[in-house]
Amino acid sequence: MSVEVASPNKLPSDFLWGFATASFQIEGSTDADGRGKSIWDDFAKLPGKTLDGRDGDVATDSYKRWKEDLDLLVEYGVKSYRFSIAWSRIIPLGGRNDPVNEAGIQFYSNLIDALLERGIVPFVTLYHWDLPQALYDRYQGWLNREIIDDFVNYAKICFERFGDRVKYWLTMNEPWCISVLGHGRGVFAPGRSSDRTRSPEGDSSTEPWIVGHNVILAHAYAVKLYREQFKAAQHGTIGITLNGDWALPYDDSPENIAAAQHALDVAIGWFADPIYLGYYPDYMKTMLGDRLPSFTPEDLAVVKGSSDFYGMNTYTTNLCKAGGDDEFQGKAEYTFTRPDGSQLGTQAHCAWLQDYPEGFRQLLNYLWKRYKKPIYVTENGFAVKDEDAMPLEQALADHDRVQYFKGNTEAILAARNEDGVDIKAYFAWSLLDNFEWADGYVTRFGLTYVDYETQKRFPKDSGKFVSKWFKEHVAEETEKTKAEDPKRLELPPSANKFQTDSATSSPTLESAESSSKAAIAKRKKKTKKAPFARFTAYISTFLGI
Ligand code: BGC
């Protein structure tokens with residue numbers, strides 16, 4: 001065992017949990033306060049790019065309703081909230097010589113302050129797919145190495161302006177999706193592909209691998225900057241988050257066992273192997289030959305070890321069969337149908353997702369053994385089949401999503417306490433139903449229902465379940481740690497759960513909290529009481545939890 005287990009049924013008191021969102025999926029207000037366009041703005045408006053023909057101009061209107069969203073987070077009693085910053089709100093044209101937009105900075109600054117005032121830890125993604133359109137127009141965005149310096153400059157501004165209060169940073173969300181869905185299959189912005197029915201330009205045999213390489217480098221150089229110029233003063237932790245689903249061999253034939261590993265090599269190893277181990281997977285080198293870019297020794301020195309933790313987004317498990325020519329799946333074919341004809345799990349609204357908690361546990365074990373880094377689960381979620389067509393009450397009783405979270409929360413407990421996997425955080429996707437990229441608004445991933453006519457939010461059973469589960473399974477502070485915490489009286493209730501963690505290179509939550517508090521106070525320059533009364537009211541009235 002490599003983790004301390006106080007009780008088999010509990011997670012440690014410093015375990016972070018909450019809900020995740022992303023800027024373009026929730027904010028709307030795409031032309032407010034000087035925001036520049038992102039590559040999703042116009043792409044979503046092109047005929048046939050989203051299932052329902054709808055775009056992100058309004059989404060869940062969270063740019064305007066962010067306080068309402070925070071009320072919801074307080075109701076759920078979360079410890080942390082993962083959200084992303086829209087690059088084009090901070091630098092509307094994106095580049096290192098382009099002007100900075102103070103109004104955009106102010107928006108996120110207010111959000112961060114308001115989270116901390118409510119005792120909620122901000123967990124911030126710098127890039128969740130909304131590249132400034134101007135950078136795509138200027139040099140084709142991720143296809144050009146130029147982007148590395150522009151991303152690092154954007155990251156620097158975020159560290160400078162928010163890093164006094166933000167202690168958890170994710171550079172990139174899901175490089176595989178940026179590379180393959182945006183530049184290979186052409187289903188996500190900028191929509192490049194060799195398939196000319198989809199896109200007038202693009203080369204799916206080369207571009208995704210170039211994009212992936214540049215994403216890795218931009219991530220790594222941003223981390224280098226953070227570690228060299230900010231970490232000592234700000235005490236934050238920084239990493240990347242990768243998508244990746246567990247791969248099971250379809251049966252015990254050697255070729256299908258190999259196919260499952262090949263699927264993992266491309267889904268996960270493509271990014272994780274260079275970042276944690278220092279090389280691209282051999283299978284990818286063989287499969288791609290000179291189409292796979294290589295690292296210069298100088299770049300490699302920056303890439304290897306460039307993530308403080310393993311950021312894990314995962315949704316499902318695939319049964320893998322050898323065959324086919326889909327390089328993006330490692331030339332494996334995916335199915336959910338077992339050899340005996342039965343299904344792996346419950347089918348979600350989207351074809352690629354079935355519920356299979358055993359796979360989640362196995363993936364946690366695989367990542368821990370292979371990469372040996374503490375794991376932050378930064379996304380995990382389920383879209384109930386046909387939920388969009390259901391009357392409100394039926395949608396709120398989201399049984400299949402509750403089952404999904406039941407299975408996966410139990411898997412976390414088992415993986416940590418029985419298998420010894422060091423898991424430090426869990427974020428359910430998503431706080432709200434929202435703009436589900438190419439699916440438009442038809443596929444709902446929220447633990448909170450959004451009525452898009454009125455923008456009213458309604459907690460689903462799954463939201464209540466997750467909230468209750470973590471409340472029951474995250475250990476309370478002990479009297480000793482309470483007594484040792486000098487900040488206790490001035491922190492709101494959920495923040496009081498944070499403890500010093502000397503075992504890892506993570507920031508100590510206690511020190512992160514105290515320095516964040518001090519930073520807010522300093523910035524506001526006025527003494528202002530945190531709205532504790534509001535918290536207490538929310539927490540105690542919320543659904544009897
Ligand atoms: C992405 C989210 C997306 C979710 C569900 C993840 O790949 O990070 O933005 O909404 O999956 O499809």
Side-chain angles (χ1 to χ4, degrees), residues 14-23 25-27 62-63 66-74 76-87 89-90 104-128 154-155 157-173 222 226 230-231 234-239 241 308-309 311 376-379 424-432 487 491-498 506-524 530-531 535:
D14 62 357
F15 191 91
L16 276 188
W17 71 273
F19 300 93
T21 60
S23 45
Q25 295 182 271
I26 63 162
E27 286 178 358
S62 291
Y63 187 76
W66 62 275
K67 286 194 180 142
E68 209 182 306
D69 293 345
L70 292 201
D71 290 348
L72 203 50
L73 289 168
V74 172
Y76 284 125
V78 301
K79 281 191 168 187
S80 184
Y81 175 48
R82 175 182 172 225
F83 64 94
S84 78
I85 295 178
W87 185 342
R89 287 197 196 277
I90 305 295
I105 295 202
Q106 197 58 50
F107 172 72
Y108 294 108
S109 191
N110 292 344
L111 173 64
I112 291 163
D113 281 354
L115 283 166
L116 290 168
E117 282 167 357
R118 288 158 177 76
I120 299 171
V121 175
F123 205 111
V124 179
T125 313
L126 289 171
Y127 186 75
H128 200 127
Y154 158 60
I157 291 168
C158 293
F159 302 148
E160 279 168 356
R161 305 300 295 272
F162 310 127
D164 54 344
R165 290 155 290 151
V166 172
K167 305 301 160 188
Y168 291 89
W169 292 105
L170 291 169
T171 51
M172 306 286 173
N173 182 72
Y226 185 77
F230 295 92
K231 192 173 168 102
Q234 297 184 348
H235 311 291
T237 191
I238 186 163
T241 198
D308 292 339
F309 51 83
Y376 292 75
V377 181
T378 47
E379 268 182 46
K424 294 202 170 302
Y426 180 86
F427 292 88
W429 184 268
S430 175
L431 172 64
L432 303 167
K487 310 288 176 306
L491 286 173
S494 52
N496 282 341
K497 297 212 171 72
F498 298 143
S506 304
T508 65
L509 290 167
E510 184 272 336
S511 70
E513 277 299 311
S514 63
S515 61
S516 303
K517 284 268 152 192
I520 298 182
K522 205 165 131 199
R523 280 172 6 82
K524 286 193 173 162
F535 279 127

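The figures that follow rest on heavy atoms only: side chains count, while hydrogens, waters and symmetry mates do not. Just so you know, residue 1 is the first one in the sequence shown, and it goes up from there. Bear in mind the structure is a predicted one, so any value in this text is a computation, not a measurement.
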Heavy-atom closest pair (Gln234 atom, Asp164 atom, distance to 0.1 Å) is NE2-N, 3.8 Å
ask   = Does a side-chain heavy-atom distance below 4.5 Å link Leu73 with Leu115?
value = yes
Heavy-atom closest pair (Leu432 atom, Ser62 atom, distance to 0.1 Å) is CD1-OG, 3.8 Å
For Asn173 and Thr125, test the side chains for any donor-to-acceptor distance below 3.5 angstrom and give the result as yes or no. no
Residues at least two apart in sequence or cross-chain that pass ring pair (Phe, Tyr, Trp, His ring centres under 6.0 Å) with Phe159, listed by chain then number, are Trp169, Tyr226, Phe230
So CZ of Phe427 and CG of Leu16: to nearest 0.5 Å the spacing works out to 5.5 Å
Sequence neighbours excluded, the answer for side-chain contact (heavy atoms from CB on, under 4.5 Å) partners of Tyr154 is Ile85, Trp87, Ile90, Ile91, Leu126, Phe151, Cys158
Worksheet item: Is any side-chain heavy atom of Ser109 closer than 4.5 Å to a side-chain heavy atom of Phe162?
Response: yes
query = Does Asp308 use its side chain to pair, donor to acceptor, with the backbone of Ile238 at less than 3.5 Å?
reply = yes
Closest non-hydrogen contact found for Ala114 with Trp66 is CB-CZ3, 3.6 Å
Side-chain (Ser84) to main-chain (Ser23) donor-acceptor, under 3.5 angstrom
yes
Would a 4.5 Å heavy-atom cut-off, applied to side chains only, mark Lys79 and Val121 as touching?
no
Trp429 and Ala22 have their tightest heavy-atom pair at CH2-N, 3.7 Å
- [ ] Find out whether Val78 and Trp17 are in side-chain contact, i.e. whether some heavy atom of one side chain is under 4.5 Å from a heavy atom of the other.
- [x] yes
With side chains defined as the heavy atoms from C-beta onward, is the minimum distance between Arg82 and Tyr376 less than 4.5 Å? no
CZ of Arg118 to NZ of Lys67, rounded to nearest 0.5 Å, is 8.0 Å
dist Ile105:CD1 -> Asn110:CG (nearest 0.5 Å) comes out at 11.5 Å
Where does the angle between the aromatic ring planes of Tyr76 and Phe19 fall among parallel (under 30°), tilted (30 to 60°) and perpendicular (over 60°)? tilted
Problem set entry | Backbone of Gly311 reached by a side-chain donor or acceptor of Thr241 within 3.5 Å | yes
message: In terms of relative ring orientation, are Phe123 and Phe309 parallel, tilted or perpendicular, with 30° and 60° separating the classes?
response: perpendicular
Under 3.5 Å donor-acceptor, Lys231 side chain and Gly236 backbone: yes
(Q) Can you confirm whether Phe83 sits close enough to Ile112 that some side-chain heavy atom of one is under 4.5 Å from a side-chain heavy atom of the other? (A) yes
Worksheet entry | 4.5 Å side-chain heavy-atom contact, Val124 and Tyr108 | no
Are side-chain heavy atoms of Glu117 and Leu70 found at a separation under 4.5 Å?
-> no
Output for pair (Asp14 CG, Lys424 NZ), nearest 0.5 Å, gives 6.0 Å
